[in-house]
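Below is one structure; the comments refer to it alone.
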Protein chains: 2
Amino acid sequence: MNGSAIKSDFIEPSSEGHVRRQRRKMQRVTMMDVAKRAGVSSSTVSLYLRRPEAVSPMAGQEIAQAIEALGYVPNLVAGGLAAAGSRVVSVIVPSIRNAFFAETVATLQTELAAEGLQVMLGHSEYSEEDEEALIRTALAWAPAAIVLTGLRHSKAARHLLASASVPVVEMWELGAQAPIDMAVGFCHTAVGATAARHFAQQGFTQLAFLGARLLQDSRAATRAEGFAVEALRLGLPEPQILNHPAPATAEAGAQLLGRVQASLPKLQAVACSNDLVALGVLFECQRRGIAVPGDLAVMGFGDLSFSSTSNPPLTTIRPSGDLIGREVARLIKACTKGNRPPGADRIVDTGHLLVERKSA
Amino acid sequence: MNGSAIKSDFIEPSSEGHVRRQRRKMQRVTMMDVAKRAGVSSSTVSLYLRRPEAVSPMAGQEIAQAIEALGYVPNLVAGGLAAAGSRVVSVIVPSIRNAFFAETVATLQTELAAEGLQVMLGHSEYSEEDEEALIRTALAWAPAAIVLTGLRHSKAARHLLASASVPVVEMWELGAQAPIDMAVGFCHTAVGATAARHFAQQGFTQLAFLGARLLQDSRAATRAEGFAVEALRLGLPEPQILNHPAPATAEAGAQLLGRVQASLPKLQAVACSNDLVALGVLFECQRRGIAVPGDLAVMGFGDLSFSSTSNPPLTTIRPSGDLIGREVARLIKACTKGNRPPGADRIVDTGHLLVERKSA
DNA sequence: CTGAAAGCGCTAACAC
DNA sequence: GTGTTAGCGCTTTCAG
């Protein structure tokens, strides 16, 4: 229990290691070991690690050396227990395969890491039930914060979270209802409306919305609804909303275009729930000899990396996934530092931006 | 920035909670509370949680009820400390924005979650130095396993890992050197060779490799090298390798095509480091009126979701990111269950698959 | 500025 | 089967 692990003077490739570890506790280098070697108490080491300036320079020097010599790695698990709160941030997204969330999670992770916060990742796969289970597990880690996607959660989940008194940030959606605690995102109804308005301004009247997994992805469904409602409000005929049951891919987009062409031959413009879907539409239009934007205007959502380079370049709506990540990180950092943002600042609207290119 | 979309006059939970929590420990429901209410000892509760069948049905019933009534959420941090090893798996990838890794991480997370293992995510951004820091932090969590991308790591990182006696899985690369512990992936040299061979078989002699961030992404560089070496071996002229400093995007592909067209007018076939790059090439070819595969054959890498639908459908090489995720999970599960795979089984080759479509 | 002491909530022998 | 007893490695008062 008190040995120094560094006795093996060089790499000891752990062939035995695992077994040993499983049977008996590893003789890990502890803070106590460092303290002894530095000739101080473990609480001084602890203090040094947290606020080096609060320790005398001499002791600090000694400690630093001991840490180096012993190859000490602090045990955050023990630290978390003692401090009654770990430096973990649990992030739950529908799927990291989705480029939107990948972008946000990437930014979030980088920002949080700079603050010594770890990201624990979970996938709800668009299931409230799975999400609830994930939240339950997340809570078991006494996380510094929990980040959820969207405002829709099971009742039990909301209850769990509300009574856990842990900072919660809901992201990628605003407006549908009041957040549990904090929220960073934008209004999807407004996104749909922006698309409808853009089409209306260009004089199109025959519109459609092409979406994938609309039954699961409530945010995409909200965009579709916002699109339809705004079109109606502008006096246009009701746009048709087509849904593909598979995840949002170019393949789905291509198929949807086929379907909508069959049912609405006079179609003038389509808004897609995702740039990938729009890309598939573009591909299928090329195959069918439909000129974009001449015969058909196409609008995407997401402004993914390929959207500026496609033929034609895709007009789309940018949600700023990285900005969301950055703002979520900001909120969380504030909370862990003890200055929880006041009321209104707990909701940040990242808005959306119409990126006009050539496809619409 | 902070337009408060909804003033949360609704749920107002935890406004005090955080403060209280930070100042004094929360009076969290503990296992002891459950035990008392169920009229048993806490170790019985602990046992029940781990192996319900080892507890008498009556006691089990009582405990289950108490847990329910109290809304008990086990504290995994405490559990991890006591058990000298947390149920965390630290996964470090260059970037989750990259669809390859997103796919693998998604699969991995789902598989691991089923076993009660949590994924902690880190991004190295293709920097060995950042990776090392990430590994150091990961180790601080006494993780059940660490998953790294590729076989290249700083010396210090390798040392850290080897002396930590924690299962390590390196993924997405095989063959460059011996893994630290376990590895799941495929040989990138072979991928490059497959591409070269495919072109050679079709009689092309003027080849090029278009890559992005080749200086950072050593695996992509290895594919490029494998491509060139195989071409040479087959008696073809040395392929030119072009590199774009930005991340792999369609934009980069489009620009690379421009460059390679200028320098190699007789070019017959290009292999790309990534399907996104290939997509950009396809787009640019359309713009320039270059027929694919008529005037130029294009091959991608990754088999991303759009590749089957593009114009023309992209011939590419599929690395099976999800299979990698599944195999990594399998290895880790075996380790946590105490049956560490023997020697040869610690390396699994997931291979690669040439997906012949129309672009080459 | 430093050290001693008291846990954090749970697991894991080991008795009973 | 179930309870008792020790800690896991660290943070955090609280004295000195």
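- The separation between M31(B) atom CE and dC8(C) atom P is 15 Å, rounded to whole Å.
- If you take CG of L139(B) and P of dG9(D), they are 14 Å apart, rounded to a whole angstrom.
- Enclosure of atom CZ in R152(B) is not indicated, since only 12 or fewer non-hydrogen atoms of other residues, nucleotides or ligands lie within 6.0 angstrom.
- At the heavy-atom level, L47(B) lies under 4.0 Å from base atoms of the strands shown.
- Contacts of V55(A) with the nucleic acid, taken as non-hydrogen atoms under 4.0 Å apart, involve only primed sugar atoms and P, OP1 or OP2.
- Across all strands, Y48(B) comes closer than 4.0 Å to no nucleic acid atom at all (heavy-atom distances).
- Counting non-hydrogen atoms of other residues, nucleotides and ligands closer than 6.0 Å to CD of E129(A) gives a total of 12 or fewer.
- The S56(B) side chain lies nearest to dG1(D) when the options are dG9(D), dG1(D), dC1(C).
- In E53(A), the CD atom is crowded: over 12 heavy atoms of neighbouring residues, nucleotides or ligands sit closer than 6.0 Å.
- Taking atom CG of L76(A) as the reference point, atom C1' of dC8(D) lies 15 Å away to the nearest angstrom.
- Only one option out of V88(A), V73(A), N75(A) pairs with W141(B) in a side-chain contact (heavy atoms from CB on, under 4.5 Å); it is V88(A).
- Distance CE (M32(B)) to P (dC10(C)): 11 Å, rounded to an integer number of Å.
- At whole-Å resolution of the value, CZ in R50(A) and P in dT12(D) are 6 Å apart.
- The side chain of T30(B) has dC10(C) as its nearest neighbour among dG3(D), dC10(C), dT2(C).
- Each of T44(B) and A78(B) has a nearest nucleotide on DNA chain D; the 5'-most of these lies closest to T44(B).
- Residue S46(A) is in base contact, counting any heavy-atom pair closer than 4.0 Å across all strands shown.
- Here S41(B) reaches the OP1 or OP2 of dG3(D): one of its side-chain N or O atoms lies under 4.0 Å away.
- Note: CD1 (I63(B)) to C1' (dG3(D)) measures 12 Å, nearest angstrom.
- The nearest whole Å value for the distance from the CG atom in L81(A) to the P atom in dG7(C) is 14 Å.
- Counting any heavy atom pair closer than 4.0 Å across all strands shown, S43(A) reaches a base atom.
- In this structure, a donor-acceptor pair under 3.5 Å is absent between the side chains of S46(B) and S43(B).
- At whole-Å resolution of the value, CG in N75(B) and C1' in dC8(D) are 13 Å apart.
- Within 4.0 Å (heavy atoms only), V40(B) reaches sugar-phosphate atoms of the nucleic acid but no base atom.
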